[in-house]
Amino acid sequence: MHVPEELWYTKEHEWVRFEGGGRARMGITDHAQHELGDITYVDLPGVGKQVTQGAELMVIESVKAASDVYAPVSGTVGEVNTALADAPELINKDPYGGGWLCVLSGVDEGEKARLLSAAEYRALLERQ
Amino acid sequence: MTPDVLSHTPLHDAHCARGARMAPFAGWLLPIYYSSIIEEHLHTRAAATLFDTCHMGQFLLKGPNAARDLDRLLTCNITSLPVGRCRYGLLLNDRGTVLDDSITYRLSHNEFMIVVNAATTQRDARWIAAHCSSGTSFEDISPITAKFDLQGPLAADILQPHLSEPLNSLTYFSFLRATLHGVDVLISRTGYTGEYGFELYVAAPFAIPVWNLLLEDPRLKPAGLGARDTLRLECALPLYGHELTEDRSPAFANLDFAISAEKDFIGKNALDQARSDPSQPRLCGLSFPTRQSPRAGHPVLHNGSTCGVITSASFAPSLGHAIALAYLDPACASCGTHVQVSSGRALLDAVVCPLPFYQHGTARRPTVTPTS
């Protein structure tokens with residue numbers, strides 16, 4: 001499974017990229033998309049929605065199941081990936097790129113303390 | 001009931017070798033998908049796929065009264081079934097609810113094969129054996145029988161070169177016996193995808209060689225239970241445990257074609273009573289405007305009040321939006337009725353629509369092979 005070095009991760013298999021200026025882009029990991037199988041629908045959050053780290057952020061549906069996605073960091077939803085409405089398979093094809101889910105603004109990089117580094121996330125996957 | 005040990009089909013090692021995603025189903029460890037449910041679904045509609053259906057049950061009934069015994073057990077007419085043809089029917093209990101659905105093959109005048117669902121095989125075996133007359137022999141041949149479904153518009157082109165017999169004569173719901181590179185095989189023009197195709201039965205020890213031989217054709221891909229479910233749902237084919245259960249009468253399950261009016265059978269009185277009850281829920285199709293799908297068990301609402309329940313639902317890969325089968329109160333069961341489904345998180349808008357959802361299935365088209 002692909003685990004890019006520059007990203008931060010959660011135990012629930014979300015990734016987050018700190019883009020500076022209090023912005024953080026997030027999605028689900030390669031491992032998560034592989035486990036879900038073909039993704040058919042993403043119930044994207046509304047822009048402006050406020051979330052705290054670990055709270056339920058959205059639901060992703062695959063052919064067989066619906067799965068919660070949690071906010072990797074606290075913040076306000078500033079942007080969502082509207083391309084997913086017609087092409088949710090982008091998450092399967094490119095989970096760290098075109099399959100991003102949303103951008104949170106007003107985030108505090110101090111919350112990294114409760115995230116996993118790439119090495120820690122790789123170790124988590126190996127234990128599973 | 002969850003068995004502690006999952007059964008393996010004779011093809012288990014072949015699935016693992018191909019990297020299939022395996023999961024428990026009806027007490028068996030079966031392939032859910034090899035590459036992707038959606039890819040396998042679309043490949044079945046466009047070309048052809050091969051499914052492992054070895055988990056299903058097969059029984060042999062023999063004897064001068066076997067047809068009469070089966071006429072008593074099944075809703076469809078067996079006495080009138082010609083040799084070389086098969087017929088879909090329901091096994092009902094005395095309450096007129098469904099023990100299983102099945103296909104019965106007339107192998108000879110006094111010899112029948114009944115094919116049933118995996119989860120219900122053992123219960124069906126006890127029920128059928130207990131209702132056979134003394135001169136009828138009953139044998140559960142499931143453990144020694146392997147079954148594959150070869151489904152899709154290219155199925156005949158792929159299968160014919162391997163066979164001793166031409167497939168040309170094989171009409172919908174008929175079968176023939178042939179050899180496949182020397183292996184005895186029974187082939188029926190049946191399936192569970194809505195596409196042109198075959199179900200193949202061979203002795204279990206030949207399962208892996210036949211499976212691998214067929215898959216040497218690059219046009220054919222293996223497909224798992226995930227695609228089998230989305231394919232059958234698009235064609236509104238019922239699934240036992242969902243649309244058909246011991247808790248419901250099949251009176252309004254759109255299965256009138258499988259219920260004979262000309263004979264008596266177990267559960268007939270209760271079924272007739274249910275059919276004359278105008279308040280019985282009806283099995284309906286629901287079409288959703290988006291890809292967002294409800295799940296089985298979610299309630300259906302009409303003007304805010306519960307009017308039914310979802311039995312199966314999924315994103316439909318050939319249609320591009322979500323669909324569902326649901327039992328609805330008669331007042332809401334007309335096509336065009338707007339309803340909502342409560343998914344627990346959201347209210348999803350839906351409209352009652354005609355069945356099948358997918359209208360372009362090739363299941364009934366004539367056989368055309370390179371040799372015909």
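On a predicted model such as this, the values are computed, not experimentally measured, just so you know. Atom set for the values below is all heavy atoms of this structure, side chains included, hydrogens, waters and symmetry mates excluded.
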Practice item. Take B:E40 and A:D38, measure what side chain to side chain contact (heavy atoms under 4.5 Å, CB included) needs, and give me the verdict at the end. Key: CA-CA 11 Å; B:E40 291 162 20; A:D38 289 323; over 6 Å; no

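Side-chain contact between B:I38 and A:T40 is present, with heavy atoms from C-beta onward closer than 4.5 Å.
Scanning all heavy atoms of the two residues, the minimum distance from A:A85 to B:R291 falls at O-CD, 3.7 Å. Minimum heavy-atom separation, A:E61 to B:S293: OE1-N, 2.9 Å.
Contacts of A:E56 with chain B are made by side-chain atoms alone, with heavy-atom separations under 4.5 Å and no backbone atom involved. Proximity to chain A (any heavy atom under 4.5 Å) is restricted, for B:T230, to the side chain, taken from C-beta onward. Neither the backbone nor the side chain of B:S343 has a heavy atom closer than 4.5 Å to any heavy atom of chain A.
Of the listed residues B:H41, B:R21, B:R295, B:E39, the one with more heavy-atom pairs under 4.5 angstrom with chain A than any other is B:R295. Taking A:D43, A:V59, A:N92 one by one and counting their heavy-atom pairs under 4.5 Å with chain B, the maximum is reached by A:V59.
Within 6.0 Å of NZ on A:K64 lie more than 12 heavy atoms contributed by other residues, nucleotides or ligands.
Taking CZ from B:R345 and CG from A:D68, the interatomic distance works out to 4.5 Å, rounded to the nearest 0.5 Å.
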